[in-house]
Amino acid sequence: MPEKKVFVGDVRFFSVLDESGAVDSKLEPAFSSDELKKLFEWMIQIRAFDDKCVKLQRSGKLGTYLSVLGQEAQVAAALAMEKNDWLVPYFRDNGLILARGAKFEELLAVGGGSEWGSQFSGPNILPVAIPVATQLLHAVGIAWGMKISKEKNAVLVSFGDGATSEGDFHEAMNFAGVFQLPVVFFCQNNQWAISVPRKNQTASETIAQKALGYGFSGVQVDGNDPLAVFVAVSEALKKARQGKGPTLIEMITYRMSDHSTADDASKYRSLQETRAWEKKDPIDRFRKYLKAKKIWTQAWEDRVGQTIRTRIEESMRKAELIPNHPSTDIVDFVFLESTMELLRQREFLEEAGRREKRDDAK
Amino acid sequence: MPEKKVFVGDVRFFSVLDESGAVDSKLEPAFSSDELKKLFEWMIQIRAFDDKCVKLQRSGKLGTYLSVLGQEAQVAAALAMEKNDWLVPYFRDNGLILARGAKFEELLAVGGGSEWGSQFSGPNILPVAIPVATQLLHAVGIAWGMKISKEKNAVLVSFGDGATSEGDFHEAMNFAGVFQLPVVFFCQNNQWAISVPRKNQTASETIAQKALGYGFSGVQVDGNDPLAVFVAVSEALKKARQGKGPTLIEMITYRMSDHSTADDASKYRSLQETRAWEKKDPIDRFRKYLKAKKIWTQAWEDRVGQTIRTRIEESMRKAELIPNHPSTDIVDFVFLESTMELLRQREFLEEAGRREKRDDAK
Amino acid sequence: MTLMNMIQALNAGLFGAMQADDSVLVLGEDVGLNGGVFRVTEGLQKKFGPDRVIDTPLAESAIVGASIGLAIKGFRPVAEIQFSGFAYSAFEQLVSHAARIRNRSRGKFSCPLVVRSPCSGGVRALEHHSESMEALFCHVPGLKVVMPSTPSDAKGLLASAIIDPDPVLFFEPLKLYRLKKEEVSEDHYEIPIGKARLVRPGKHVTVVSYGSMVPECEKAALALSEKGIETEVLDLRSLSPLDFAAVQESVKHTNRLAIVHEAPYSFGVGAEIAARIAERNVLELDAPVVRIAGLDAPMPLSKLEEAYLPNANRIAFEIEKLMNF
Amino acid sequence: MTLMNMIQALNAGLFGAMQADDSVLVLGEDVGLNGGVFRVTEGLQKKFGPDRVIDTPLAESAIVGASIGLAIKGFRPVAEIQFSGFAYSAFEQLVSHAARIRNRSRGKFSCPLVVRSPCSGGVRALEHHSESMEALFCHVPGLKVVMPSTPSDAKGLLASAIIDPDPVLFFEPLKLYRLKKEEVSEDHYEIPIGKARLVRPGKHVTVVSYGSMVPECEKAALALSEKGIETEVLDLRSLSPLDFAAVQESVKHTNRLAIVHEAPYSFGVGAEIAARIAERNVLELDAPVVRIAGLDAPMPLSKLEEAYLPNANRIAFEIEKLMNF
Ligand SMILES: Cc1ncc(C[n+]2csc(CCOP(=O)(O)OP(=O)(O)O)c2C)c(N)n1
Ligand SMILES: Cc1ncc(C[n+]2csc(CCOP(=O)(O)OP(=O)(O)O)c2C)c(N)n1
Ligand SMILES: [Mg+2]
Ligand SMILES: [Mg+2]
């Protein structure tokens with residue numbers, strides 16, 4: 001037997017709703033109408049919030065903003081999570097973070113330049129990780145902790161297609177496989193990493209198949225279909241909580257917006273491509289489904305939309321009310337107990353503050 | 001079509017010689033008897049050199065030494081390489097490095113603590129990389145250079161099973177896939193990374209299958225069979241030179257020695273396991289094959305062995321004759337042109353040297 | 001001569017270098033079609049093609065590690081790390097390989113590599129986008145570190161970095177990218193690595209700085225001048241190797257030294273300069289050395305960024321104190 | 001009290017910490033069954049099981065990154081990096097996350113992590129196995145850095161590092177691992193982080209050192225004493241935070257300062273100490289500060305290692321010169 005196959009692996013793709021909103025009843029999750037409404041609300045909530053934030057950035061009230069536009073089905077992952085699960089988000093997860101219970105004013109505070117905003121309401125949400133793919137290892141560590149203390153929970157860690165090129169992605173996947181950790185790797189493949197298209201990011205046919213190199217399974221879902229996202233995440237989290245190890249989910253979606261408010265996507269991608277994806281809009285599709293189920297009415301959506309916009313406006317006032325924290329905050333959270341040198345620098349900050357006040361008074 | 005397979009991949013294993021030395025004639029490479037003899041000589045050469053180096057280390061004449069024992073079939077890769085190909089070795093590649101033309105005294109010089117030894121004779125051999133997996137990226141860069149300048153050559157980069165856990169392995173494989181580079185990833189899976197067994201290094205069933213995540217193929221070969229190693233490397237190099245992209249080769253072998261002269265493997269692995277692998281010894285197996293082919297005689301092996309041992313002894317004398325290079329070598333190769341500060345430090349070294357001589361004279 | 005900001009000067013420098021030498025390559029995230037997130041590499045791919053101006057996958061260790069291989073193979077890669085706060089995952093490749101290949105092989109192999117990266121703060125950016133960790137690279141034997149503060153220095157230093165036979169970290173203070181324009185020669189010229197620039201002569205006190213803080217030092221010097229304090233301002237331009245001779249010469253006639261950087265105070269570039277003075281010129285001082293620097297804390301998000309960063313006011317205030325010593 | 005070398009003291013320290021607190025974990029390459037390549041973790045896995053003493057795959061970024069997650073989740077991981085020359089690929093996790101999680105979340109999350117790693121030279125090891133890059137970590141806000149030079153300090157500092165609510169880099173000079181034995185208490189005790197040790201009192205000159213160079217300084221002091229020069233030797237023990245008060249106090253009465261480390265001369269720990277003296281105590285100096293350090297070159301392989309490293313002879317020579325200033 002000089003030649004033999006020693007490994008065979010595959011990846012499946014699935015969706016629940018097609019682009020017209022028609023449902024595959026075999027895969028349809030058993031949701032109450034309240035749950036379905038909540039999903040829809042979360043999706044229009046992030047779309048409204050994104051819209052507001054992009055405007056606020058333009059008027060100089062927020063720093064660089066990264067919009068979720070097109071990826072709103074990410075919120076379905078929040079519905080699959082339990083309270084004691086952990087969410088380890090990336091920088092394009094505001095929909096998910098809000099759905100898990102964070103407040104608008106918290107995100108506005110971070111965006112406006114205050115570290116205090118990163119204390120998200122909502123259970124077990126880490127601050128957003130900016131260095132691409134680094135957070136995957138934190139998720140692995142948290143999941144490892146759960147396993148060691150025999151908790152029956154799991155971690156969902158979220159990231160983009162570009163993140164899969166980083167060494168930390170690999171090391172995290174490998175540790176998760178070796179230690180059979182309760183972690184779900186939730187890759188939002190939105191086809192672009194700033195200007196680099198998915199096909200130039202990796203020669204792999206799918207991202208999901210990367211799991212095969214770590215001894216666990218990967219699955220691809222239609223990422224503009226919140227039901228498919230829910231089913232995939234919920235199965236994977238269940239598997240994780242049962243001690244059956246990690247899963248890689250590739251959520252096929254599209255970044256409809258520029259990479260950020262500092263980017264101009266027209267420099268590197270065709271309007272044609274974007275247009276084609278417009279037809280797959282996750283909110284439109286889900287609306288059709290809800291309408292067919294007689295859950296959706298225009299009046300209801302208008303009402304919900306109005307409430308959300310009002311809450312966003314209120315949160316802006318709250319965010320504006322957040323005191324300008326004292327400059328000593330800069331040094332006070334470096335360590336639990338400040339060093340002598342930091343205390344010296346703290347005095348310098350206080351003195352500088354006093355000096356400024358004196359100068360202003362003049 | 002809500003559910004479909006979007007990827008299927010597999011990995012094959014092959015060998016040419018079985019443990020008794022019997023050959024699969026379909027796969028047998030067409031070697032001249034000179035080539036076969038060369039292969040055998042290279043294998044007993046590294047075994048003799050290893051033996052000597054371990055002894056030299058014990059008597060304090062060499063630093064920590066890493067033996068190739070059990071992995072001698074690595075030398076077959078050298079036979080598959082062309083002159084203009086590049087070899088990017090790891091720290092357990094002395095067999096391969098010697099086969100490609102480096103001299104015993106060069107390896108002895110490095111082992112004895114002189115950077116001058118790393119100027120290996122033999123075409124295009126990089127110095128050994130000590131930080132695990134880092135050299136894979138250098139290989140990718142060299143291969144990239146070949147592609148850009150349209151050279152029809154390839155790079156062979158060598159590493160252990162443990163190296164596959166590092167982020168640099170992943171990033172190198174991914175770049176090689178994306179840019180379709182002429183590089184062969186030659187993984188010597190010797191079942192151990194110091195005390196960590198292969199199964200705890202990754203949950204992946206094979207190492208070869210990791211290639212699937214990068215859009216190219218991986219293959220497993222019996223790594224104690226020099227003909228199988230030759231066939232695999234030679235096919236992969238040919239493919240690379242033809243512009244058809246990278247390959248991952250998993251050479252299944254076994255580290256028969258301690259990890260290094262500083263290690264005691266009996267602390268973490270069973271004698272039973274090692275014994276079982278003794279039966280698969282690559283030299284024994286190849287000897288049987290050569291004997292069946294009427295190429296091998298005991299007298300010939302004795303003669304060749306004697307020559308090698310004599311050459312090793314001679315090289316030791318040469319290595320001892322290598323002048324103790326001046327201490328200014330420390331600063332003279334930091335940059336092509338030394339900085340002011342380095343020139344100041346150079347003077348300090350010269351002065352210190354003079355002072356020492358004066359003190360010795362007293 | 002053409003009026004250019006620093007981005008335009010760098011872009012012109014890259015154009016020139018690529019035109020002059022086929023072995024010069026540009027690679028990194030978004031440097032090709034997109035022209036770089038700050039437009040420094042704009043138009044290069046169109047001109048020199050995707051084989052020489054390469055959009056890479058998102059992997060910093062690979063960008064640097066593969067560049068090392070390219071350099072060994074005879075190319076002169078100019079790699080971009082999109083922000084210096086993302087250079088850490090390439091640290092091993094820089095420290096353990098780029099910096100050591102020449103030494104390890106006693107000159108048989110070498111690594112003529114440039115790593116460009118925007119650095120420093122002052123533009124209210126996201127976390128990790130405003131880092132000033134240049135001192136880390138300065139401590140590593142085998143690496144050179146430069147940081148221009150004007151468009152024309154940027155172009156001339158980049159030319160030297162690309163021609164340099166050894167690895168050079170090239171930090172670009174992003175606050176200065178578009179801050180001002182000046183006349184820059186279109187021709188090839190080099191500003192030698194390791195030579196400071198006398199920004200402004202003065203006789204009372206020496207201020208040594210680099211990068212984003214140079215304009216602040218100039219402003220402070222102007223203000224102090226009105227009070228009769230003549231500040232000599234030196235822009236180091238190269239951090240490693242340091243032009244310590246220039247610092248010494250200045251201190252010899254001013255007898256007072258302040259060092260300004262926005263990087264954290266402790267263990268920074270300022271420490272090395274102050275230490276050399278303490279070793280070699282301590283008797284020439286009429287007053288203690290003073291370091292005016294960032295704090296020993298992570299760079300804060302935008303609300304507190306101003307409080308963190310030294311500025312002209314603070315520099316002037318500290319120098320007045322120093323003069324009154 | 002038991003006679004222990006540094007390895008035994010560290011091992012005892014880990015035993016004690018794991019016994020006292022279930023949340024303490026040990027993880028790294030070969031730390032479990034094999035007991036660590038230097039035997040520091042010997043016997044721990046047998047005692048505490050493979051869930052608390054974990055052999056990891058070969059991946060430094062993951063060892064540190066996963067430890068950060070464990071720390072966030074309430075554990076106290078003690079991660080080992082097999083040699084400090086292999087810590088660079090974990091640099092991003094240390095600098096961008098371990099050091100910043102408390103600050104980023106304004107104290108909601110924290111990272112009580114210890115990273116142990118053998119460092120420094122003197123044992124004729126392979127390339128990358130003798131690095132002294134501690135200064136890199138000192139410059140990073142949010143990290144603490146300690147380095148013991150005796151068995152009892154090792155145990156006491158380790159206890160403090162494990163209890164510390166913030167990340168601590170714990171460097172172990174491998175040359176000292178088995179160099180000498182001393183009486184070490186079996187009981188729990190802590191050596192506070194940030195406090196230097198007076199190794200030897202003296203009135204003529206202060207020598208500040210740490211790690212592998214402390215025994216050399218002691219030898220030099222002994223030799224100098226025979227010549228009538230009484231050297232005060234301080235062992236910093238913590239490099240960040242620095243016990244600068246102790247340095248100041250000593251210099252106040254000796255008025256002369258030498259700093260000794262084997263790390264490269266430029267931009268090292270010595271620079272920070274000399275700089276602070278130049279800023280805060282320059283008038284108390286009777287002579288220039290002197291740094292006795294490694295060279296600005298990669299640590300050479302064994303043949304030239306001795307020429308690279310400072311030693312008692314060189315220290316004594318330089319101090320005599322300093323006394324004759
Ligand atoms: C380590 C690192 N390198 C570079 C960047 C700059 N950067 C921010 S987002 C981004 C692209 C990310 O692409 P992807 O992972 O697909 O996420 P997406 O933005 O598409 O949601 C890059 C390069 C970064 N944040 N971190
Ligand atoms: C980055 C890095 N981490 C740790 C080490 C220490 N180390 C040297 S060899 C080795 C194991 C290597 O295992 P493998 O890759 O399987 O090669 P093998 O020794 O089995 O040939 C380790 C951990 C190293 N050299 N580099
Ligand atoms: Mg993306
Ligand atoms: Mg191995």
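Model, not experiment: these values are computed from the prediction.
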Test side-chain contact (heavy atoms from CB on, under 4.5 Å) applied to F86(C) and V132(A), step by step: CA-CA 9 Å; F86(C) 306 131; V132(A) 167; over 6 Å; no

Candidate polar pairs, chain A side and chain C side, donor-acceptor under 3.5 Å:
from, atom 1, to, atom 2, distance (Å)
G112(A), O, S302(C), OG, 3.3
G113(A), O, K303(C), N, 3.1
E115(A), OE2, L301(C), N, 2.7
S195(A), N, D30(C), OD1, 2.8
S195(A), OG, D30(C), OD1, 2.6
Q201(A), OE1, L58(C), N, 2.8
K267(A), NZ, E42(C), OE1, 3.2
K267(A), NZ, E42(C), OE2, 2.5
Q345(A), OE1, D296(C), N, 2.7
Q345(A), NE2, D296(C), OD2, 3.1

Chain C interface, residue from G112(A), A352(A), G353(A) that has the most non-hydrogen pairs under 4.5 Å: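 Ranked by contacts with chain C, first place is G112(A).
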
Smallest separation among heavy atoms of G162(A) and L58(C), with atom names: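 Distance-wise, the nearest heavy atoms are O-CB, 3.5 Å.
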
Atom of L304(C), atom of P326(A) and distance for their closest heavy-atom approach: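 Looking at all heavy atoms of both residues, the shortest contact is CD1-O, 3.9 Å.
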
Validation row: L126(C), F91(A) side chains within 4.5 angstrom (heavy atoms):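 Answer no - side chains too far apart.
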
Partner set under side-chain contact (heavy atoms from CB on, under 4.5 Å) for A12(C), not counting sequence neighbours: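 Residues passing side-chain contact (heavy atoms from CB on, under 4.5 Å) with A12(C): M4(C), K155(C).
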
With a 4.5 angstrom heavy-atom cut-off, is it the side chain or the backbone of [X] that approaches chain C, or both, or neither?
X: L342(A); result: side chain
X: V196(A); result: both
X: F333(A); result: neither
X: L66(A); result: side chain

Euclidean distance, L295(C) CG relative to L349(A) CG, rounded to 0.5 Å: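 The CG atom of L349(A) sits 5.0 Å away from the CG atom of L295(C).
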
Proximal component of V37(C), with respect to chain A [non-hydrogen, under 4.5 Å]: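 Only the side chain of V37(C) comes within 4.5 Å of chain A.
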
Segment of F317(C) engaging chain A (4.5 angstrom heavy-atom cut-off):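 Side chain of F317(C) only, per the 4.5 Å heavy-atom cut-off to chain A.
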
